[in-house]
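Structure, as structure tokens:
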Amino acid sequence: MRKTIAILGLMMAVATPGWADGAGDARLTVTGQGLAQVEPDMARISLGVTKQATEASAALDQVADVAQAVFARLTEAGVEARDMQSSQINLSPRYDHNRTSDGPPKLVGFTANTMVSVRVRDLTKLGSIMTAVTADGANQLNGLQFDLQDRGPTEDAARADAVKDAMARAKVLADAASVKLGAIMSIHEGGGRAPAPVYGRMAMEAAPSDMPIAAGELEIGSSVTMVFELNEE
């Protein structure tokens, strides 16, 4: 009998709403999303140079010559030294795997490769820069990403939009539940959405005219989670 009474008491305690002492025991948690759209004012490009030769040193020398020409061209176009960086240098052997004999593959040469990461702060020069470096021997494009030189104001606008969205959601839910929103107990910022890059690896060939570039708009997102105190109406 005592065991039955104890179980019933536990069930009543679990089912009791959290309105003890009139307020402060009920909470509403909502997550708001914010989005700011803005035109980019810079771009990051990754240019590559790949060369093949029978000797390793010759392959590296050819890549070095082209890389030096690319750096010179970028400097001539107004790109500062701080905006140019060698991101990788690779050297690998090449083998002939199509031999008819049963022996091991024959070493036939070497492939050398280097990648250069470049920040272009004047988008009006982006197309001409990409066209010019191909004339100097760059033969790979490993990525193009538009961004902002100063993301702060746009990120702040997205945060403010996320807070407004969270408060609007909270009001709708509170009205539907016939309760009143109280004080904001906490605000937690979630992860923002970075500008979407344009990916792709492609071969580059010298073109008779500048590469056409469409920068479009960036979408920078933010999210906030807010906890509200609830009061009975």
Min side-chain heavy-atom separation L218-Q37 under 4.5 Å: no

Side-chain donor or acceptor of R73 paired with backbone N/O of Q68 under 3.5 Å: no

Flag side-chain contact, heavy atom, 4.5 Å: D150 against P153: yes

Check: N113 side chain, L91 main-chain N or O, donor-acceptor pair, under 3.5 Å: no

Closest heavy-atom pair and its distance - A170, F228: CB-CE1, 3.5 Å

CD on E80 to CZ on R119, rounded to 0.5 Å: 9.0 Å

Side-chain heavy-atom pair F146, L123 within 4.5 angstrom cut-off: yes

Side-chain heavy-atom pair L173, V30 within 4.5 angstrom cut-off: yes

Side-chain donor/acceptor of D96 to backbone N/O of L107, under 3.5 Å: no

Distance, nearest 0.5 Å, that separates CD1 of I184 from CD of E229: 11.5 Å

Rounded distance [0.5 Å steps], CG in L126 versus CZ in R44: 13.0 Å

Between S92 and T111, a side-chain donor and acceptor under 3.5 Å: no

L230 side chain near K180 side chain, heavy-atom distance below 4.5 Å: no

Sub-4.5 Å side-chain heavy-atom contact between T225 and T29: yes

Check: Q88/N90 side-chain N/O donor and acceptor closer than 3.5 Å: yes

Q140/T50 under side chain to side chain contact (heavy atoms under 4.5 Å, CB included): CA gap, chis, key distance, verdict: CA-CA 8 Å; Q140 286 181 330; T50 299; 3.4 Å; yes

Side chain to side chain contact (heavy atoms under 4.5 Å, CB included) evaluation trace for Q62 with V66: CA-CA 6 Å; Q62 292 179 35; V66 174; 5.8 Å; no

Salt bridge (Lys or Arg N to Asp or Glu O under 4.0 Å) between R159 and D156, intermediate numbers included: CA-CA 5 Å; R159 292 185 183 104; D156 288 344; 2.6 Å; yes

Full working for side chain to side chain contact (heavy atoms under 4.5 Å, CB included) between L60 and K51: CA-CA 8 Å; L60 285 174; K51 294 293 183 179; over 6 Å; no

Gap separating the CD1 atom of I45 from the CG atom of L141, nearest 0.5 angstrom: 7.0 Å

Nearest heavy atoms of N142 and M115, plus distance in Å: CB-CE, 3.3 Å

Minimum side-chain heavy-atom gap M84-F71 below 4.5 Å: yes

Salt bridge (Lys or Arg N to Asp or Glu O under 4.0 Å) assessment of R121 paired with D83: CA-CA 9 Å; R121 300 179 186 271; D83 292 327; 2.9 Å; yes

Main-chain N/O of A162 paired with S222 side-chain donor or acceptor, under 3.5 Å: no

From CD1 (I213) to CG (L144), nearest 0.5 Å: 6.0 Å

Worked verdict on I220 versus L148 for side chain to side chain contact (heavy atoms under 4.5 Å, CB included): CA-CA 10 Å; I220 297 180; L148 299 172; 3.7 Å; yes

Minimum side-chain heavy-atom gap L74-V118 below 4.5 Å: yes

